[in-house]
Amino acid sequence: MSKTEEPTAGDGGSNHLPIYQHRKTLVDAVSANQFLIVTGETGSGKTTQLPQYLYQAGLCRYGKIAVTQPRRVAAITVAQRVSHEMGVRLGLEVGYLVRFDDCTTKDTLIKYMTDGCMLRDILGDPGLIPYSVVILDEVHERSLNTDVLLGLLKKTPSRGFRGRTVPLKVVVMSATLETEKLSAFLDNCPVFTIPGRTFPVKELFCGLIGPKDKESSVYVKEVVKMALNVHTSEASGDILVFLTGQSEIEKACDLLFEKAESIDYRYDMHDRSVEGLLILPLYGSMPTDQQRQIFQPAPAGIRKCVVATNIAATSLTISGIRYIVDSGFVKQLNHNSRVGLDILEVVPISKSEAQQRAGRAGRTSAGKCFRIYSKDFWETCMPEYTVPEIQRTSLTSVVLTLKCLGVHDVIRFPYLDRPEERFILTALKQLYQYDAIDRKGDVTRLGRLMVELPLPPGLSRALLKSASLGCEELLLPVAAMLSVENILIRPGRPEKQKQAEVVHKELAACAGSCNDFLELRCIFEKCKTSDNPSTWCKNHWIHWRAVKSAFSVETQLRDILLRLKQQKDFPKETFRGRSSELLRQCLCLGYFTNVARRSVGKAFCTMDGHGSTVHIHPSSSLFGQELQLDWIIFHDVLVTGRVYVRTVCPIRYEWVRDLLPKLHEIDVYELSSVAREEVTDEEMARWEKKRAAQRQTDTSEDASKKLEKRNSESSISEARARYLQRKRNRIQAKDS
DNA sequence: GAGCACTGC
């Protein structure tokens, strides 16, 4: 094992951190307890120091120390820093593991990794044999994967489990919030608090937005006013403005120039600066070369004003920030199981999130946080904590992962915050529809194959179908392109927008038009075979960063498929049909839950039982051709004024005819016993009888007629009316 | 004829 079990000095510089004086107590606490919670503000050094202390104290004798992070960059940069402090080469004693980048060896003892990679590790080795300590970091962020890990590690592998020689130790690190709840969750384990080293931030409520202003987008205007106010009346120091998204940020930046002009500031369009104020937008899909300026200090006498999304709250740290202007809103993706859709909506942030934002001003000196909303807004509109991701998102992948790990009772699984039962049942229903689990709730062979692929289950299924037909080359680029961020660039300025639109239309036409999935494949191939991919992207208004990561994803998926195909029971099928229809027929196997049939005019009607009315999004290559289409499948949904489907492909009814009845074969409530693994023999018998009866009627009555009945116009409009009524009730309830 | 936060495998 390690040659250095004696304490090492490293490169120094860390001995003065607040955590240093608690060194021995911390090591003793980890040694004495199975669970430990360590809490402390940013700057306490817990992420970089604790693993080193444990290592120096010899806790690596029986295995590695794993430290999980919700983000890749964090895992990489922290590992770099720790290896430097310890004076060892990165990738040897200290390393990191993130997707596409494994910088570890089998001898690595301190391993920083993303929570997603840890989950993969567990799937391959539920006993976590190589590890002696697992440290979950940033638990207060409540990322989906960290929450799943927390539940899994609560029943931590003990001595003897799958060959473990010592029990696994679990350390949970979190900001000061909710530590009591965490301790109660982990068998009332001790909580260790480390003093932080941050500067005080004065928090001011400016009252420009009250509880009644929730719907409006007035926050853009008010935020601009506030930022200029800070610029004219506060001492030197950079400003960080928190807004909701790209278009709001662009708007705010434009307004900043205009307003600045009217209050007699010189306005220089070229470098986007008002005299004394350098205005810099910052959001995720921005090219990295444009982001660089944000991290450079402003020239002497100039104040930087960064207008950013939530990306600046956790993912990126900008030094020199002294003032925060907080809009109080965020864009959040919420899964609505009632309509079966994910909806991206603007919502007020939580109080803990507001504190997080304010904290960004106190990293290097004392700061001020200007909240554009009133104290009343704070008290009546903002929840204490952000609803954790596990309670807001589709659980299909999570439930499949749990089932594969032998957690069959996915309802009574120890969640720190339990998702609504309905969400869990919906996930089970989807897995059943994809044949990933059977009627008893057991994972099928297909389900075991699906869990290996880092894709949404539907897409996994489509890809596996293509692999069993031997035509995975067709689908691999599509699956890769669908799993990366936005491909098409949408410029902020209208004239550029037109330009981009023309080029994108040409690309769609190249792909034979009329199939957005094919267009993605076409972009992938054209870019890949071009002499200079990045220039090709620039010329075609395509995000090079996105396509580049699609290349990596494709390679990864290809490798996984290759491995899976070597299993001797990997399914093999032959395709009888037109080769031009091969791609679309494979897609149907993953997207038959997203089938829509043309209804009145240009509207379509989903066939999943919700019978929602959807429209083809204007960015689709099928837009404007609705009247020639009868049946479509779609990849995703966007809810704005209307419900839009994007990434669309026309299909023939025959391709989904035999699949659609599966959507109505089982009711969610029937799955409640499946979820709890309490399916009785009588229940199975009843079920078989019902299915037999169903098969009988299916032969006597045309299946498509039955489907039509289920999705008849009247039932759709009734469902819609019910939904709208509920929505009205909700709004009324919120207002009162 | 619209306007899409952020992560992660």
Side-chain angles (χ1 to χ4, degrees), chain A residues 68-75 97-102 113-124 138 141-149 217 242-251 282-286 308-316 327 329-334 342-347 349 353 386 389 392-393 397-398 400-401 450-457 459-460 479-480 483-494 497-498 500-501 549 552-553 556-557 560 602 615-620 623-624 626 636-647:
Chain A
T68 71
Q69 295 287 329
R71 279 172 299 281
R72 293 167 56 92
V73 257
L97 172 68
V98 298
R99 190 185 188 182
F100 309 130
D101 194 359
D102 180 358
M113 62 208 289
T114 49
D115 49 12
C117 279
M118 182 48 129
L119 212 46
R120 290 278 138 188
D121 259 16
I122 295 189
L123 267 168
E138 311 281 15
E141 285 187 25
R142 306 298 306 276
S143 86
L144 182 63
N145 287 333
T146 297
D147 264 18
V148 173
L149 286 173
S217 59
F242 279 106
L243 266 178
T244 45
Q246 176 182 349
S247 60
E248 293 88 347
I249 287 170
E250 300 280 356
K251 224 178 282 167
L282 171 64
Y283 43 84
S285 60
M286 237 169 58
T309 58
N310 243 8
I311 195 169
T314 48
S315 308
L316 299 175
S327 66
F329 290 94
V330 70
K331 253 175 213 165
Q332 205 172 64
L333 189 70
N334 294 321
D342 289 333
I343 300 174
L344 189 68
E345 47 191 356
V346 176
V347 294
I349 57 171
E353 216 173 338
T386 308
E389 209 182 343
R392 301 192 319 242
T393 47
S397 287
V398 170
L400 181 60
T401 306
M450 278 165 66
V451 84
E452 295 291 325
L453 293 160
L455 294 172
L459 201 48
S460 292
S483 35
V484 297
E485 68 256 57
N486 275 345
I487 299 288
L488 306 181
I489 294 174
R490 187 176 56 84
R493 308 208 173 277
Q497 225 173 86
K498 277 269 179 308
E501 222 168 81
S549 56
S552 312
V553 176
Q556 188 195 22
L557 294 176
I560 295 171
K602 292 179 166 185
H615 287 84
I616 293 178
H617 194 271
S619 67
S620 164
F623 179 78
E626 293 92 337
D636 60 349
V637 181
L638 177 70
V639 182
T640 50
R642 276 175 168 179
V643 180
Y644 289 102
V645 291
R646 293 184 306 181
T647 322

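Just so it is clear: chains get the letters A, B, ... in the order the sequence lines come, proteins before strands, and each one is counted from 1. Because only heavy atoms are used, hydrogens play no part in the values below, and waters and symmetry mates are left out as well, while side chains stay in.
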Considering only [options], which nucleotide approaches the side chain of [X] most closely?
| X | options | result |
| --- | --- | --- |
| A:Ser315 | B:dC4, B:dC6, B:dA5 | B:dC6 |
| A:Leu333 | B:dC9, B:dG1, B:dA5 | B:dA5 |
| A:Glu389 | B:dC4, B:dT7, B:dG1 | B:dT7 |
| A:Thr114 | B:dG8, B:dA2, B:dC4 | B:dG8 |
| A:Tyr644 | B:dG1, B:dA5, B:dC9 | B:dG1 |

OP1 or OP2 of [N] sitting under 4.0 Å from any side-chain N/O of [X]?
| X | N | answer |
| --- | --- | --- |
| A:Thr309 | B:dC6 | yes |
| A:Ser619 | B:dG1 | no |
| A:Lys331 | B:dC6 | no |
| A:Arg72 | B:dC9 | yes |

Exercise. Could you tell me which residues satisfy side-chain contact (heavy atoms from CB on, under 4.5 Å) with A:Ser315, sequence neighbours excluded, listed by chain and number?
Key: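 A:Ser315 satisfies side-chain contact (heavy atoms from CB on, under 4.5 Å) with A:Arg71, A:Ile311 once adjacent residues are dropped.
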Practice problem: Walk me through it: do A:Glu248 and A:Phe329 pass the test side-chain contact (heavy atoms from CB on, under 4.5 Å)? | Solution: CA-CA 11 Å; A:Glu248 293 88 347; A:Phe329 290 94; over 6 Å; no
Quiz item: Ignoring hydrogens and angles, does a donor from either the side chain of A:Asn486 or the base of B:dC4 sit under 3.5 Å from an acceptor on the other?
Solution: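 Flag set: donor-acceptor pair detected.
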Quiz prompt | hbond_proxy A:Glu248 side chain to B:dA5 base (donor-acceptor, 3.5 Å cutoff) | solution =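 Between B:dA5 and A:Glu248, which were checked side chain against base, a qualifying N/O pair under 3.5 Å is absent.
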Quiz item: Can a donor-acceptor pair be found between the side chains of A:Thr386 and A:Glu353 at a distance below 3.5 Å?
Solution: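 Yes, A:Glu353 and A:Thr386 have a side-chain donor paired with an acceptor closer than 3.5 Å.
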Exercise. Could you pick out which residue, A:Leu455 or A:Gln246, lies toward the 5' side of DNA chain B when each is mapped onto its nearest nucleotide?
Key: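 Nearest-nucleotide comparison on DNA chain B picks A:Gln246.
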Practice problem: Map A:Ser247 and A:Ile311 onto DNA chain B by nearest heavy atom, then report which one ends up closer to the 5' terminus. | Solution: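 Its nearest nucleotide lies further toward 5', so the answer is A:Ser247.
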Quiz prompt | side-chain contact (heavy atoms from CB on, under 4.5 Å) assessment of A:Leu149 paired with A:Met118 | solution = CA-CA 8 Å; A:Leu149 286 173; A:Met118 182 48 129; 3.7 Å; yes
Practice problem: Could you list the residues that satisfy ring pair (Phe, Tyr, Trp, His ring centres under 6.0 Å) with A:Phe623, not counting sequence neighbours? | Solution: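 So A:Phe623 forms no ring pair (Phe, Tyr, Trp, His ring centres under 6.0 Å) with any residue.
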Just to be sure I understand the rule, does [X] reach a base, reach only the sugar-phosphate, or reach nothing, if contact means heavy atoms closer than 4.0 Å?
| X | answer |
| --- | --- |
| A:Glu485 | nothing |
| A:Arg99 | base |
| A:Val98 | sugar-phosphate |

